[in-house]
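To start, the structure itself, in structure tokens.
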Amino acid sequence: MSDQVTLTIDGKEVTVPRGTKVIEAAKQVGVEIPHFCYHPGLPVDGNCRMCIADVRTWNARAEKHFPARRPAVTCWTDAEENMQVFTDTDEVKKSRATVMEFLLINHPIDCPICDKAGECMLQDHYMQHDGKRSELREEKIHKPRLKPFGERIVYNGERCILCSRCTRFTAHVSKTHDLGIVNRGDRAVVELAQGSTFDNAYTDNVSDICPVGALTKTDFRFKKRVWFLKHTDSVCGGCSRNCNTVVDHDRAEIVRIMPRRRDEVNGHFMCNEGRDIYKSLAATVRTSAPISRVDELGAGPSWDDALAWAGGKLGEQKKGGKLAVIGSPWMSNEEALVLGHLAGKVCKSAWMDIKNDVIEGYPADDLLHTDDHNPNRAGVIAAGVVPGKKDGKDLAAIQEAIAAGEVEVLLVWGTGLANHYDSVEAMHEAVAKVPVVIQLTDAMDALSEVAQLVLPVRNWAERDGTWTNFEGHTSRFRKALRPHGQARDGFELLSAMCTAAGGKPPVKTFKDARKKLKQDPDSDVREVADGEFAFYKGQSLYRHHSGTTEV
Amino acid sequence: MESNYPVKGKDQVLLNFERGTESWPLSSYLTRGGYSTAKSVLSGGKYDSPADLVGVVKASGLRGRGGAGFPTGLKWSFLPKEPSGPIQLVVNADESEPGTFKDRVIMEENPHQLIEGCVLSCWAIESASCYIYIRGEYVPAIKRMVAAVDEAYAAGHLGEDIYGSGFTCHVTVHSGAGAYICGEETGLIESLEGKKGQPRIKPPFPAVYGVFGYPTIVNNVESIAAVTYIAHAGADSYRQWGTEKSAGTKLFSVSGPVKRPGVYEVAMGYPFKDLLENECGGMLDGVALKALIVGGSSVPVVNAEKALKINMDYESCAENDTLLGSGGVIVIGEGTCMVRTLMTLLRFYHHESCGQCTPCREGTGWIERIVTRIENGDARSGDIDELYRIADNMELRTICTLADAAAWPTKSFIEVFRDEFEAHIEQGKCPHDNQFPDHLNLRGGGKPQRHADPEHAFIA
Amino acid sequence: MSEQLGQNADFDNLIDGHVMPQPAYQGEFTEGEIVKYYNPSRMTLLEKLYVPAIIGGLMITARVFFTNMAKWGIWFTYWIRGKGKDAPKGAVTIYYPEETRPDYSPINRGKHILTMRQQKGPSGEALPQCVACYMCATACPAFCIHIVAGESPDPNIEKYCVEFDIEMDKCIFCGYCEEACPVDAIRLTPEPRMADYQRERMIYDREYLMTWNPTYVEDDHVYPGGHPREE
Amino acid sequence: MNTAFLVVSFMNLAFVLGLLLNLGGLLTWVERKQGAVMANRIGANRAYIPVPVGRDPNGAGGFKWSKRFTLMGLFHAITDGIKMLTKENFTPPFVDTFVYNLAVWFSAVPVLVTFAVVPFGGPFQPGVMMSEVLTMVGMTGAAASVGGFFGDGVYHMQLANLNVGLLFIFAIGSTGIFSAALAGWSSGNKFSLLGALRSSSQMISYEVFMGISVLGLLVVYGTVDFNEMAQLQQQTWFGVIPKWGVLLQPHMFFVFMTALMAENKRVPFDMPEAESELVAGYFTEYTSMKMGLFMMAEFLEIAVIAGIMTTMFFGAYHIPGVVAATDAMHWAMHPELTPVNAIFGAEVPHALVVVLRVGAFLFKLIFFCWLQILIRWTLPKFRYDQVMKLGWKYMLPLSIVNVIATAAFMYVLGGM
């Protein structure tokens, strides 16, 4: 018995590892089998009966294919050698239409007020596999609506199709066992466990995986119809896990953040804190133009003047200068590459280290949360923002040098320098000893109040880049929003500073930077380095596609 | 041995006791030769190996008495050669099929034969533990079984090292909570494990992955009790009754407007006509036979003409478009409204659907509502076809067979008694109102009404 | 080839069960002949000159002109006597704002209204039928409908529109919103008059869309629905 | 050149300018109103003068400006003028300023100048006329002094009594091309330039046979002097049928009329302006009164065309049936034909003759204005190739053949 089996699905041959479910094998040859209860991130339950197909097993003794005695659900049936699967026969189509009919008889069909409408599997499958009028002439069964499950989730029992994805999630993934299905038959409803507040960090995932609008998020409730949303691949910066996400935005605002499947980083899920990160992003204080506190430049210098001045100050430090560069674990790998070059090569071995921008956050747990609340420490270090080998000073040493008045030019990226001092006042006192402080930041903080030059940089939602998580997996985030004011892309800005300082940037283009960092530069980054964000085939009917993690 | 029960042949397999006496204590069973078979088998004299006994059971042609009729010996042989853990035997005493009450008689009147059968079966499949899962409503049966097991432990017929043979067998009596779905073997297993009684998706079958994940054999009470006889008398002796494919005797629980309803043990292949006339004393005066449900509520109904042609075995039932099922013979007399009968059945299935699979969860409630509407006279002409179509759609699309069990009678009722359904629609009411003989009082009072609050419709 | 064409002529002309008109070219096709696939002119020389046709056309328009002028003359006799309102005019059009026609079609697509629920809200306010599903906003080809959804004050209703603005100056009166609405919340009344002097006033908010009368009488005309006219 | 001549000339000038400029304005209104009546519409009726008619019955005080004096929309012509005069006089930065401004004058001036040779009445004796009038009202003294001032001098009711009248019209009229060409070129706009090119080619094309088409008529008349033409058309056949140009050369009437209308660039010959594809053609970049002059030139030209047509083809200022028996100053009527005879006796007074002649001329002028507007609101626009084809392939050959045939005919007949 080999580990691989070969089977035929709709006439297409496919070889998969033994133990693969037929529904997954079919996906590999581009055959989408409709389903509700099946989810690749959860144990199989097989209760929706939507994925029934004509599965014929090979009987070696009779040398014949035999159809299954009862129609098989492909989400549970293992692929077998020489198996034949037909997913588009009339019987299979009828079976799907039948299941759809049963699912819909007691469904309230309140799509107009349902937040899931537009990315609802029930809608999609109805369009594709049923499309009939309801034959029900009796009254529908009524169940509790608007039942809060904790503070973040609202349950609507009438919409629920009892696929048990949510209960399986709480039972097997978050292992909190908050949800269960009580009662029998068509009286069954999902219930929150008595006394449970359903306030763990992963509750919103049950809304993502809910194939219908039974579980909706209070955060997204009534906010926006999903077909108005644009989806941009992004990465969560809440901790060093770097969950791959999709930023759903409409016009200039992010409306919600959803997880994107990437098996080696975050699987299918993400935490609630990561979803809420857009709120803190919107709350940051930004500057729309460079701010200067030196007389030569005036209060509001142009970018050209500011860069020329900053480059000149850095350029002065070329020969054995007193330049200290403090990077940030929120930089992208490409920016870190250029910053390392600027400090190490252009300005001849300046003192260089990274700080902790964010020190507070949610405690680590077994599922996704990590201890480090900055996204890219590993990547920035790998890209070369490290204390130099010769005469290199780490952050503590740089702080000492600042206190001793040895540092003449201090270049800081990002916020949070005060985290390394006892208080903001202490930081101000220390920094006052440095003649030139240049801060490149996407948010204003205590340092911005005293720095000689503050240059606005785009934040993660406004620029392209890659982050590398603590396990070494690189993820790419993309530009979702229009930049705030004149804020500049960090990579371009640092390259320009290299030039202004009299040197040359290490790479010319963003792509070259990726090549230099050896992050699959030649292949399509979206498919290889990032989590795949696959859409269900039927979900591209009219200017919408799914924002769920569903595969 | 004299009995009120009419028997075929002297050696009754299952009802081998005198009716009206205290047949359930160990002492009574011992007088009937109880535990002698176990002793002889366990001490090694009778069969060379457990496989021999499995072979004998196979050769006896014993088919599962729970309803499906799967050969018991064959089922035993499906156990893996290298089991992943201790093999478990589960006796399915969750007898909740409407119209069936045969296992109750065994457990109440002859519990030790079941226990002996458990010991023998455990020996045959090399298991050390046996669970008897009894329906929660069978309180007297549970009491008697518990008492009987205690007696058997005390007398050394159960427990460690029985009769010094080195064979250990523990029997646990488990009381269910009265859910129909727990009569399905995987649902029973789930319930036995302490979970919500919902059928598991198959494969793996219980023989590979059953109770607590161990290889498990689930058998009906009647089958296990019959094993005692087969182990004692051999396959040929058992085959003296019945037909080629349906060997042995079978209990039939007859209910309905007959003179003597009850449980009768007859050989397979015994004509229904004889069962009705001889054993049950014929139909009640003034009531003619209208229809017959031969094997519990789940099987298709047949009309009187066909019913009188049926012999009580698997093949004859199949020839007459029905199934033998569990042997719960429901006799339906003239004057009974078939729509109301179906409605009653479907209320049961709607109530008992576990709610796991979509077609069953939604379909049982739907067809019940349609039939209720037909019965109340609110239906339209297309509703019969609609009903048939829904029932047809429910069939074979679920994990377990509960949906089929609801669909088959629905379809057969329409096929056989379509004119009655149409009469309901044409007249706008039930045409059978007040047509029963008053003394029968077979109908409850008032018109059937759906409960206003469906969530509490069937709970109170 | 010609035979085949002749045989199949009946079938060639049968498209979707309709008998199509015969092609203009009625001659037989012979091989090597260059077939011109356009309708040959069948005009006579006189027609080709166009002058008679032009004169004919001029006579028609002139006749209309004089007929109308005569009617205006009659109208003038009425007007002189101060009965201008009832006089027959030499035109089928009207002086629009001073006169309005009473016979707008009931299916004329005019001003929008929002329908209301029969039961009032908890504080006695009128509740819109609208459930804020955004179907109208999605269907709108002019993107002139703006909705903000919210929790309804009525506990029996889940969702309703907190704000519902229609930019009437962008609206093209296609009626798609009416078609898209699943709850019959938005309707286009026959009311045609909605011009205004300020652009700000052309944005109709929820409250204004909900103030309408089923029928109202104005200028002796009964309007089938719509907003009372603002002065 | 005496004082009386100057006075008469100023009178003529005042009459012509007053007539043309008022007609230019009024025709904008006529165009809209007539088009409306032809299309069962009401037409221009919005512009009004508010008339306070009384107290507001609802208000506390003040007048209610409820009566709106619209006068059939006649104020639209005034408001149009006010509007164009008061709108911003904007000169785009990319134009050639000098030529751009020059082109405006080329549009309106030639049209006005053209009318100089059109006789709007016959020869008249202001002294006789005025003394007759004044005598009639009883002012014999004034009559004698006015009669003495003017004497018996015979003047023409015409601005310039040129003996090359028609040639003058062709000469001046052809300068109109400069207007379109210069405006289009100087605007620095491709729409304007395209419009200018179209307009130039169309006007030049039609000028060719516009001249040739009337050659036949000139052969018949034997003169290019408009006054003489007018006099000649006074003759009759059989004493009844007037020898009007339209009866002499009816086919050429159509050709000449077509050519003139094409010169005017109006529908159906509005290719140069062609709103649908060229915005407004060669004057796209013009605003306020500059644009207004282009527009006005168009309407003035309607009147000028009407005047030319009247003079050449429709018997100028003559009334058919009224035949000059004695001389140009007095008419004798056929007794059986006219009731005028019964009132005035054998000879109609000179003053009445003048009034009737001017009235007849104005009537015919207005009729032709009406006819042009009727054509404009009846016919659809041609395609450009159709315009060219019509001119070069049909009108031009027809005109040439007509000239030869007429010449041959006249040679054989030996004169009119």
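In what follows, chains are A, B, ... by sequence order, proteins preceding strands, each numbered from 1.
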Rounded to the nearest 0.5 Å, what's the gap from OH on Y160(C) to CZ on F222(A)? Could you check?
-> 11.0 Å

How long is the span from the NZ atom in K159(C) to the CZ atom in R221(A), to the nearest 0.5 Å?
-> 8.5 Å

Within a reach of under 6.0 Å around CD of E151(A), are more than 12 heavy atoms found that belong to other residues, nucleotides or ligands?
-> no

Q119(C) atom CD: more than 12 heavy-atom contacts under 6.0 Å = yes

At their closest point, which heavy atom of C133(C) faces which heavy atom of P112(A), and how far apart are they?
-> CB-O, 2.9 Å

Close side-chain approach of L146(A) to E151(C), heavy-atom, < 4.5 Å = yes

